Undergrad: 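One structure, as structure tokens, below. Some questions next.
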Amino acid sequence: MFMDNTCPLCGSNEETVETPPDGKDTYIVCCKSCGNYEISRRTYNADLANYAPLWKISAAIRNKYENGEEIILHTGNVKSLVDSTNFPDDPFDLIDKLLEYVYRKTGKVGDNVKLNLYDFPIICVESKNQFKYIIDKALDLELIEKSQEFSNILRLSLKGWKRISEIKKTKIDSKKAFVAMWFNSELDEIWEKGIKPALKETKFQPVRIDLEEHNEKICDKIIAEIKTSGLLVADFTGQRGGVYFEAGFAFGLGIPVIWTCRKNDIENLHFDTRQYNHIAWETAEDLKEKLKNRILATIL
Ligand SMILES: [Zn+2]
């Protein structure tokens, strides 16, 4: 046991902090809010707020933990962990996140899950109050229901199950991923060593259509491919009009879109897409890692 029982992410001082048996230079923190994670000793003592807002790190870690991913947090990966986490600001998206959690935890009709307010990082909000608001609204909308005796034991209602099936339809109907990007030899490596392997490793089949290679009615083909895709990855490097069109088209259809752009081109992004949390990448390997994480965080 380590003397200080403070979780450096949420500040709770009643958690367990232990040193791993293999004598590694880390601590293992088991926090009821942030989940279980390993953290380098140096990072434990660093001011993590310099890297990202602490509640965002906490949410990122808790979500990785829920996905069964083992994380060793260090100052070098804090930012990319946060970047690969989706922080919805729309209450309906937050309600969906809550439903997805309840669904994943229970999985069977009628099963219950116990939710405490300290579990708020699950839906990537900043506070217990926001979590309570989302739970209350999901109850108001009759998407979840309380089990009779205990107020914090919840389950999906029939309406909630219906919503889950809608979410699944838009998210995993197809394992085809349409890739919208600039066809330029400069970006070949990004495709070969970044986007393509990230999609394959997450079981997606990457599809890319080169406008210049075809003379036929290419637009029809693109539209048909996007319509039947379960995911669209749009890389805005080079600021091509086609990429904006394809991303906007998929977005309008409710297909999940992952927005990426080379770091030194981010400032050239058109104003109206800047609101989406773009993955800013520097190398193909960097993009591969971040894209994989984002896919895991975005897709049910
Ligand atoms: Zn914590």
Side-chain angles (χ1 to χ4, degrees), residues 1-89 93-106 113-136 138 150-154 277 290 293-294 296-298:
M1 188 74 86
F2 178 63
M3 280 175 50
D4 188 350
N5 288 327
T6 304
C7 167
L9 304 181
C10 66
S12 162
N13 56 9
E14 29 185 62
E15 311 306 328
T16 46
V17 180
E18 289 172 345
T19 46
D22 54 10
K24 267 193 293 183
D25 199 17
T26 58
Y27 295 122
I28 295 170
V29 183
C30 303
C31 173
K32 59 184 184 306
S33 289
C34 311
N36 299 357
Y37 60 96
E38 208 168 328
I39 181 167
S40 83
R41 292 190 196 187
R42 250 184 63 196
T43 305
Y44 184 90
N45 294 308
D47 188 359
L48 282 167
N50 289 332
Y51 298 85
L54 291 175
W55 69 271
K56 286 195 170 182
I57 309 175
S58 165
I61 290 288
R62 176 67 188 257
N63 277 273
K64 299 281 173 203
Y65 171 67
E66 293 294 338
N67 288 340
E69 292 176 54
E70 287 176 14
I71 300 294
I72 301 179
L73 189 64
H74 52 85
T75 49
N77 67 1
V78 175
K79 260 187 87 67
S80 71
L81 274 168
V82 170
D83 283 347
S84 69
T85 305
N86 183 23
F87 292 92
D89 45 19
D93 291 343
L94 289 167
I95 288 173
D96 280 352
K97 232 173 154 48
L98 175 68
L99 297 181
E100 285 170 28
Y101 176 76
V102 174
Y103 169 70
R104 266 185 296 170
K105 273 289 177 199
T106 59
V113 61
K114 191 173 176 183
L115 274 184
N116 293 296
L117 286 182
Y118 59 69
D119 287 314
F120 68 94
I122 284 169
I123 61 163
C124 299
V125 288
E126 193 171 351
S127 68
K128 291 177 180 169
N129 279 346
Q130 288 174 322
F131 192 42
K132 185 167 186 317
Y133 175 85
I134 294 301
I135 293 175
D136 287 346
F150 305 105
S151 60
N152 65 340
I153 297 187
L154 303 165
N277 181 11
K290 288 177 177 167
N293 288 336
R294 182 70 65 89
L296 293 171
T298 316

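Any value given below was found using the heavy atoms of this structure, including those in side chains, with hydrogens, waters and symmetry copies removed. Since this is a predicted model, take the numbers as computed values, not measurements. Numbering of ligands and ligand atoms starts at 1, following listing order.
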Undergrad: Given side-chain contact (heavy atoms from CB on, under 4.5 Å), test Q130 with F120 step by step and report yes or no.
TA: CA-CA 8 Å; Q130 288 174 322; F120 68 94; over 6 Å; no
Undergrad: List for me each residue that meets ring-ring contact (aromatic ring centres under 6.0 Å, His included) alongside Y65, sequence neighbours excluded, and say none if there are none.
TA: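 Per chain and number, Y65 pairs via ring-ring contact (aromatic ring centres under 6.0 Å, His included) with no residue.
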Undergrad: With side-chain contact (heavy atoms from CB on, under 4.5 Å) as the criterion, how do Y44 and T26 come out once you've worked through the C-alpha distance, each side chain's angles and the decisive distance to 0.1 Å?
TA: CA-CA 8 Å; Y44 184 90; T26 58; over 6 Å; no
Undergrad: Can you check side-chain contact (heavy atoms from CB on, under 4.5 Å) on F131 and L98, steps first, answer last?
TA: CA-CA 9 Å; F131 192 42; L98 175 68; 4.1 Å; yes
Undergrad: Does N277 reach the main-chain N or O of N86 with its side chain, forming a donor-acceptor pair under 3.5 Å?
TA: no
Undergrad: At a cut-off of 2.8 Å, what protein N/O/S atoms sit near the Zn ion (ligand 1)?
TA: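 Counting only protein N, O or S atoms under 2.8 Å from the Zn ion (ligand 1), the list reads C7 SG, C10 SG, C31 SG, C34 SG.
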Undergrad: Return yes when atom CZ of R41 has more than 12 non-hydrogen atoms of other residues, nucleotides or ligands closer than 6.0 Å, and no otherwise.
TA: yes
